[in-house]
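Atoms within a ligand are numbered from 1 in the order they appear, just like the ligands themselves.
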Amino acid sequence: MATARTIVGMSGGVDSSVAALRLRESGEPIAGLFMQNWADDGSGDCRAEDDRRDAVAVCGRLGIPIHFRDFSSEYWAGVFEHFLAEYAAGRTPNPDVLCNREVKFKHFLDAARDLGAQFIATGHYARIALDDAGRLQLLRAADRGKDQSYFLHQLGQAQLAATRFPLGDMLKSDVRALAASAALPTAAKKDSTGICFIGERDFREFLGRYLPARPGAIRTPDGREIGQHPGVFYFTLGQREGLNIGGVRGFAQAPWYVVGKDVQRNVLYVDQGIDSPWMMSTVLDTEAMHWVSGAPPAADFECTAQTRYRQEAQACHVQVRDNGTLHVRFHAPQRAVTPGQSLVLYDGDVCLGGAVIATTDAPLESRAPPHPKDVPAA
Ligand SMILES: Nc1ncnc2c1ncn2[C@@H]1O[C@H](COP(=O)(O)OP(=O)(O)OP(=O)(O)O)[C@@H](O)[C@H]1O
């Protein structure tokens with residue numbers, strides 16, 4: 001059999017199945033590769049075995065070879081340790097961004113090269129194009145509802161040159177239809193959700209296995225204690241679920257939202273109102289920025305940005321500092337911008353790159369929260 005020119009990352013899902021199908025139809029020699037990145041812990045919620053079986057079945061149906069690699073120690077060292085450290089520091093990391101950079105477009109790419117291939121392909125929804133200066137661009141997918149460029153913003157020129165996204169110009173509905181017409185065993189398989197490779201689990205229980213729970217006070221921004229939390233790192237800015245507070249004397253019967261976390265004092269701050277001013281910010285600063293093109297377009301420019309995956313891109317002004325970090329000012333206040341999450345910049349459909357959000361000017365972020373020790377409980 002001819003050496004595969006492209007190795008397709010086969011996850012056992014419908015997207016990578018159709019990515020392989022499309023490449024196969026073009027007639028080039030391809031092979032699949034299934035990665036195992038999380039050691040099955042016997043808890044029953046790791047679906048890796050089912051996924052592996054499905055990946056094998058799809059490759060069988062397509063008549064292509066499949067390879068296997070275990071990157072679980074690489075995932076642990078390159079993604080999971082950082083994930084835990086971020087949570088322990090009270091931030092909310094995005095492991096999927098790191099997983100793409102550290103595993104899928106690093107170890108998987110290296111493995112494909114070791115197998116003699118020139119390219120890797122995945123079932124991600126994003127596109128790659130060439131700009132006028134001959135640089136590769138990462139573009140949003142044709143299917144805006146599925147666009148995954150946000151998670152891929154850490155890719156650079158070298159990775160893009162070696163990558164193919166066969167689904168970038170397709171709608172998800174057409175992907176499903178194509179899978180069904182080709183009788184792929186994954187045609188009707190449910191889309192995966194949850195954290196990359198860790199999967200769908202009871203998140204609190206899962207995190208609790210690695211970070212000891214430290215219960216503490218839930219307070220209003222002016223310091224009144226209105227409840228107890230099981231551990232601040234279980235909560236994210238803007239979150240409503242899981243607070244277990246309600247019917248607090250002196251307050252309206254309205255939902256409460258997390259508006260701040262003070263890890264040092266082990267306090268979770270909450271307020272009522274989905275757009276509480278306590279969680280609004282207009283300015284943020286980032287850690288070192290990664291540019292897909294390799295360099296910033298200017299030292300100072302206007303563009304749009306997302307501070308979370310499911311969000312309309314927001315107009316902003318970006319200043320690039322000498323040390324490579326960004327200072328970003330949005331045209332309109334933003335809700336629950338969360339340190340640890342990624343800021344991703346766009347120029348129209350072009351993903352310029354991204355950086356981890358370090359700080360914001362949300363009231364509880366930018367100055368020390370009021371010390372509650374002298375405030376009586378409500
Ligand atoms: N275990 C794995 N082994 C090999 N490749 C993988 C694996 N997990 C994910 N990938 C690759 O990364 C792509 C995006 O992964 P993601 O977790 O976002 O899955 P998805 O969008 O649900 O796609 P799919 O339907 O193929 O599972 C997949 O389409 C696949 O090409």
Side-chain angles (χ1 to χ4, degrees), residues 4 6-24 30-40 46-59 62 64-72 74-75 79 94-112 115 117 119-127 138 141 143 145-155 159 162-168 170-180 184-200 309-310:
T6 302
I7 307 280
V8 188
M10 299 298 289
S11 64
V14 68
D15 292 330
S16 49
S17 303
V18 173
L21 172 70
R22 285 199 101 189
L23 293 173
R24 178 87 180 108
I30 63 168
L33 186 145
F34 178 84
M35 305 177 242
Q36 188 188 330
N37 293 336
W38 189 254
D40 191 349
C46 201
R47 295 184 324 187
E49 259 321 299
D50 294 348
D51 290 340
R52 181 188 170 107
R53 209 181 41 235
D54 290 338
V56 170
V58 170
C59 288
L62 295 174
I64 62 172
I66 182 161
H67 304 274
F68 303 94
R69 292 290 182 277
D70 182 349
F71 294 134
S72 41
E74 288 84 351
Y75 184 86
V79 181
N94 196 324
D96 294 355
V97 168
L98 213 53
C99 174
N100 279 330
R101 188 182 78 190
E102 297 297 318
V103 180
K104 288 184 186 149
F105 295 88
K106 192 171 178 177
H107 295 295
F108 170 39
L109 186 53
D110 288 346
L115 290 166
F119 299 104
I120 56 169
T122 67
H124 283 109
Y125 287 81
R127 291 177 293 152
L138 176 66
D143 189 335
K146 296 299 293 181
D147 173 44
Q148 289 176 305
S149 57
Y150 180 87
F151 296 113
L152 297 166
H153 71 262
Q154 289 282 323
L155 302 192
Q159 288 93 344
T163 297
R164 306 170 74 183
F165 296 131
L167 307 189
M170 290 183 79
L171 298 179
K172 177 80 186 206
S173 49
D174 295 335
V175 168
R176 286 250 178 231
L178 197 55
L184 296 182
T186 50
K189 189 169 171 180
K190 228 174 109 231
D191 282 347
S192 57
T193 55
I195 298 169
C196 184
F197 298 114
I198 298 173
E200 293 141 73
Y309 173 48
R310 292 252 170 246

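- By the 4.0 Å heavy-atom criterion, K189 is excluded from the residues contacting ligand 1.
- Both tests do not hold together for R69 against F34: distance to the six-membered ring centre under 6.0 Å, angle to the ring axis within 45°.
- Counting only heavy atoms from C-beta outward, the side chains of D191 and K146 approach each other to under 4.5 Å.
- A heavy-atom distance below 4.5 Å is found between the side chains of T122 and F108.
- With R310 contributing its side chain and G145 its backbone, the two residues share a donor-acceptor pair below 3.5 Å.
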Contacts under 3.5 angstrom, residues 9-16 side chains, donor-acceptor by atom type, not counting sequence neighbours:
residue, atom, partner, partner atom, Å
S11, OG, G13, N, 3.1
S11, OG, S16, OG, 3.0
D15, OD1, Y125, OH, 2.8
D15, OD1, K172, NZ, 3.0
D15, OD2, K172, NZ, 3.1
S16, OG, S11, N, 3.1

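- Around atom 21 (O) of ligand 1, the closest heavy atom drawn from T122, D15, I7 belongs to D15.
- In terms of polar-atom proximity, defined here as any N/O pair under 3.5 Å, F34 makes no such contact with ligand 1.
- Assignment of V14 to the shell around ligand 1 is supported, since a heavy atom sits closer than 4.0 Å.
- Each of the atoms 18 (O), 21 (O) of ligand 1 lies under 4.0 Å from some heavy atom of Q148.
- Residue contacts with ligand 1, taken as heavy atom pairs separated by less than 4.0 Å, involve L33 solely via the backbone atoms N, CA, C and O.
- Using bins of under 30°, 30° to 60° and over 60° for the plane-to-plane angle, the ring pair F165/H124 lands in the perpendicular bin.
- Nearest to atom 29 (O) of ligand 1 by heavy atom, out of S17, G123, G9, is G123.
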